> 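Sharing a structure with you now.
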Amino acid sequence: MKAMKKHSYKLILLGIIEAAVILLIAYHQNSEASVIHPTAITFNNDTLKKESLKILETKCNSCHRKQNPFMVFKGKNMSKKAAKIYTQVFVKQRMPKGDEIKLTSKEYATLKKWLNTENIY
Ligand code: HEC
């Protein structure tokens, strides 16, 4: 009877250790998941770029296509033109040109956030 008791203590102890190891592993996996993964950031920047392209297409290209065909913005060239866009929209505030086309404050914010991801400053 005594031997049986000793044996079950050992089993219980082993069980506790095992549970602790499982909890530690689970905690570790969880803490890794809560760290923002680099691919998540890329995805976010991708979305920002897409949103900005939509703005450039609707608010800028509509005019540029006719009046400034060398500055028609596309997904492929918008990063290269980012510094110019920044200068015209945020520094000199010449664009969007004229009184008809305006950017909403949300569109300004989106463009600014996207420009912050480009290496232009
Ligand atoms: C109503 C017409 C019109 C709209 C709308 C417009 N542009 Fe322009 N943009 C022009 C014209 C015309 C030029 C070329 C002459 C000049 O620079 O004024 C130009 C030139 C530019 C240039 C080049 C400036 C340089 O010489 O470096 C950039 C960059 C630019 N626009 C960005 C934008 C962006 C970004 C938007 C949208 C948010 C926009 N434009 C909206 C007419 C427009």
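Residue numbers run from 1 in the order of the sequence given. Here the structure is a predicted model, which means the values were calculated and not measured. Read the numbers this way: they start at 1 and go in the same order the structure lists the ligands and their atoms.
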> Nearest 0.5 Å please: distance from the CZ atom of Arg65 over to the SG atom of Cys60.
11.0 Å
> For the CG atom of Leu53 and the NZ atom of Lys74, what is their distance to the nearest 0.5 Å?
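So the CG of Leu53 and the NZ of Lys74 are separated by 10.5 Å.
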> Check this for me: does any side-chain nitrogen of one of Lys54 and Glu51 sit under 4.0 Å from a carboxylate oxygen of the other?
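Yes.
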> Among residues two or more places apart or on two chains, list those pairs meeting side-chain hydrogen bond (donor to acceptor under 3.5 Å, both in side chains) that have a residue in residues 78-93.
Lys49-Ser79, Ser79-Glu118, Gln88-Arg94
> Do Trp114 and Ile55 come close enough that some side-chain heavy atom pair is under 4.5 Å?
no
> Aromatic rings Tyr108 and Phe90: how do their planes relate, parallel, tilted or perpendicular, breaks at 30° and 60°?
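Aromatic pair Tyr108/Phe90 classed perpendicular.
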> Report every pair formed by an N or O atom of ligand 1 and a protein N or O atom separated by less than 3.5 Å, giving atom names and the distance to 0.1 Å.
from: ligand 1; atom 1: 7 (N); to: His64; atom 2: NE2; distance (Å): 2.7
from: ligand 1; atom 1: 9 (N); to: His64; atom 2: NE2; distance (Å): 2.8
from: ligand 1; atom 1: 17 (O); to: Arg94; atom 2: NH1; distance (Å): 3.4
from: ligand 1; atom 1: 17 (O); to: Arg94; atom 2: NH2; distance (Å): 3.2
from: ligand 1; atom 1: 18 (O); to: Arg94; atom 2: NH2; distance (Å): 2.4
from: ligand 1; atom 1: 18 (O); to: Lys97; atom 2: NZ; distance (Å): 2.8
from: ligand 1; atom 1: 31 (N); to: His64; atom 2: NE2; distance (Å): 2.9
from: ligand 1; atom 1: 40 (N); to: His64; atom 2: NE2; distance (Å): 2.7

